[in-house]
Amino acid sequence: MIEQWRRKRDILTALAGELFVSGEELAKQAGISRTAISKHIDSLEDYGVEIFSVKGKGYKLANPVSLIDEDKLTHSLNHRCFYFDELPSTNAFLLQHVDELTSGDICIAEYQSAGRGRRGRSWVSPYGCHLYCSMYWKLQHGMSQASGLSLVVACSLVKVLQSFGIEDLGVKWPNDIYLNNKKLAGVLIEMSGQADSECHLVVGIGINISMSQSQGDKIDQAWSDLSANPSCPSKTELAIALQKQLHQDFSTFERLGLTAFLARWQEVDVFFGKEVKLLMGDNQIQGICKGVDESGAILLETDNGIKAFVGGEISLRSTS
Ligand code: ATP
Ligand code: BTN
C-alpha cells in the first residue's frame, strides 16, 4: 500500500471514536509531526471526508468511515478482487482490463475521482464513505443478450440488502434502488466488444453507506444512505454478499432470461400502478406504469392502450 494511504488510514482509525482527538495525540501515535498530521487531515478533506476541527479539542469525523477488510474480502471470494484506495472509476478500471478478466472478477475502490452515472452524469464518491464496486461478466452471444440485465442487477441488490434485514426498499426502472423513496444505490452497465458475438460487460454499483451533509449537498435529487439503519452490514460483508448474489443471478439469467426475475421486480417496483412520465430527449409521455415485460421494457398505459418502451436514453419520473 502506498505510504501516504497507510498514514491516512491510521489517522481515520484513530478518529473512529466518539471523542475528539488532539493533533498532538495523533502525531504521537503516528510518529510524525503535527504539521504532517494537519496536511493529511486537509488532504482527507479534499478526498471528501468531512472532519470537525475544534481549537483546543482536536479532530473528529463528522460521519463514520468504514474501509474494506481486504484479507476477508479476498479469502471469501472464489474470484479476483482488485482493491484500491483511489481510482478514477471502478468501471473504467475493469473496462481497461477486459482481456485479462474472467466472469465474476470484481474491482472496489474507496474513492473515485471520476465516478460515473448514466449518460455522463457523475456519481458522488467520497473516500471510505460508500461502496463503489464493479463486476466483470463475459456474454457469449453479444450485446443483445444484455437487454434486461440492468433489472436483474437491481433485483440482486434488493435481495442482498433484504438478507441483512433492510426494509422499505424499492426499485425504479431501469435500475435505481430506493430506500424510503430516496435514491440509495445506482447501477451503471457498460459494454465493449461485438454486437453479435462475445462481448464484455462491466456492471458498476454504488451504494450509499454514510453520506456527510456536505457531500449530500452535491446531489441534485433526494438520496438516502444506510447509516441510521440498525441492520447496516459492514462494507466488506455487503461486497461479498453482492458478488455472490450477482454471480448466481447472472448464471440464472443466462439460462432462463428475465422471466425468472419478473415476480421479484414487481414486488418492489416503486411506480407500479402509479401515474408517471417517461422523458426521452425533448419528448415526454405520460401514463400509468404497468410494470415491465420479459425483455425489460417498461409498460405504460395511455389512452392508446399499453405500450412498451426501452432504451438507455429514457428517464422515468413521477408526475406528482
Ligand atoms: P435516470 O437515469 O432514470 O434519469 P437518475 O436521475 O437517478 O435516473 P442516474 O444517471 O441514474 O440519474 O444517476 C445519476 C444521478 O444520481 C446524478 O445526476 C445525481 O442526481 C445522483 N447521484 C449522484 N451521486 C449520488 C449518490 N452517491 N447517491 C445518490 N444519488 C447520487
Ligand atoms: C446511476 O445511478 O447513474 C449509476 C451510478 C453507478 C455508480 C457506480 S460506483 C461504482 C461504479 N463505478 C463508476 O464509475 N460508476 C459505478
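In this text, all values refer to a predicted model and were calculated from it rather than measured experimentally. Counting starts at 1 for both ligands and their atoms, in listed order.
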Donor on one side chain, acceptor on other, [X] and [Y], under 3.5 Å:
X: Glu275; Y: Gln286; answer: yes
X: Arg80; Y: Thr74; answer: no
X: Gln215; Y: Trp223; answer: no
X: Ser89; Y: Asn91; answer: no
X: Thr90; Y: Ser134; answer: yes

**Report entry** Check: Trp5 ring centroid to Tyr47 ring centroid under 6.0 Å
**Finding:** yes

Starting from [atom], what is the nearest protein heavy atom, named by residue and atom, and what distance separates them?
atom: atom 31 (C) of ligand 1; result: Trp123 CZ3, 3.3 Å
atom: atom 5 (C) of ligand 2; result: Trp123 CE3, 3.4 Å
atom: atom 19 (C) of ligand 1; result: Asp220 OD1, 3.3 Å
atom: atom 4 (O) of ligand 1; result: Ser315 OG, 2.5 Å
atom: atom 9 (S) of ligand 2; result: Gln112 NE2, 3.4 Å

Who gets closest to [atom] by heavy atom: [options]?
atom: atom 6 (O) of ligand 1; options: Arg317, Arg118, His130; value: Arg317
atom: atom 11 (O) of ligand 1; options: Lys183, Gln221, Arg119; value: Lys183
atom: atom 3 (O) of ligand 1; options: Lys218, Lys172, Glu313, Gln215; value: Lys172
atom: atom 10 (O) of ligand 1; options: Met211, Arg116, Arg121; value: Arg121
atom: atom 2 (O) of ligand 2; options: Lys183, Glu190, Arg118; value: Lys183

Query raised in the report: Does the N or O separation between Val124 and ligand 1 drop below 3.5 Å for any pair?
Result: yes

Query - Backbone or side-chain N or O of Trp173 under 3.5 Å from ligand 1 N or O - result: no

Applying a 4.0 Å heavy-atom criterion (strictly less than), which segment of [X] is in contact with ligand 1: side chain, backbone, both, or neither?
X: Leu279; value: neither
X: Asn208; value: side chain
X: Ser125; value: neither

Query raised in the report: Short question: side chain of Thr259, backbone of Glu294 - any donor-acceptor pair under 3.5 Å?
Result: no

Need the ligand 2 atom indices (1-based, order shown) with element for anything under 4.0 Å from a heavy-atom of [X].
X: Arg116; answer: 5 (C), 6 (C), 7 (C), 13 (C), 14 (O), 15 (N), 16 (C)
X: Thr90; answer: 10 (C), 11 (C), 12 (N)
X: Ser134; answer: 11 (C)
X: Cys133; answer: 10 (C)
X: Gly117; answer: 1 (C), 3 (O), 4 (C), 5 (C)
X: Asp176; answer: 2 (O)
X: Gly206; answer: 7 (C), 8 (C), 9 (S)
X: Gly115; answer: 14 (O)

Report task. Indicate the ring-plane relationship of Tyr178 and Phe271, choosing parallel, tilted or perpendicular according to the 30° and 60° boundaries. Result -> perpendicular

Report summary line: Test side chain to side chain contact (heavy atoms under 4.5 Å, CB included), reference Thr236, set Leu67, Ile68, Ile108, output is Ile68

Return yes when atom [atom1] of [X] has more than 12 non-hydrogen atoms of other residues, nucleotides or ligands closer than 6.0 Å, and no otherwise.
X: Asn180; atom1: CG; result: yes
X: Lys183; atom1: NZ; result: yes
X: Gln221; atom1: CD; result: yes

Report summary line: Counting from 1 in the order shown, the ligand 1 atoms closer than 4.0 Å to a non-hydrogen atom of Ser122 are 17 (C), 23 (C)

Report summary line: Partner of His40 under side-chain hydrogen bond (donor to acceptor under 3.5 Å, both in side chains), picked from Gln4, Arg7, Lys8, is Lys8

Query - Test log, rule salt bridge (charged side-chain N to carboxylate O under 4.0 Å, His left out), inputs Glu110 and Lys235 - result: CA-CA 10 Å; Glu110 295 291 359; Lys235 222 157 78 174; 2.5 Å; yes

Report task. Would you check whether Tyr132 has a nitrogen or oxygen atom less than 3.5 angstrom from a nitrogen or oxygen atom of ligand 2? Result -> no

Query raised in the report: Which pairs pass side chain to side chain donor-acceptor pair (under 3.5 Å) with one or both residues in residues 149-163, sequence neighbours excluded?
Result: Ser156-Asp249

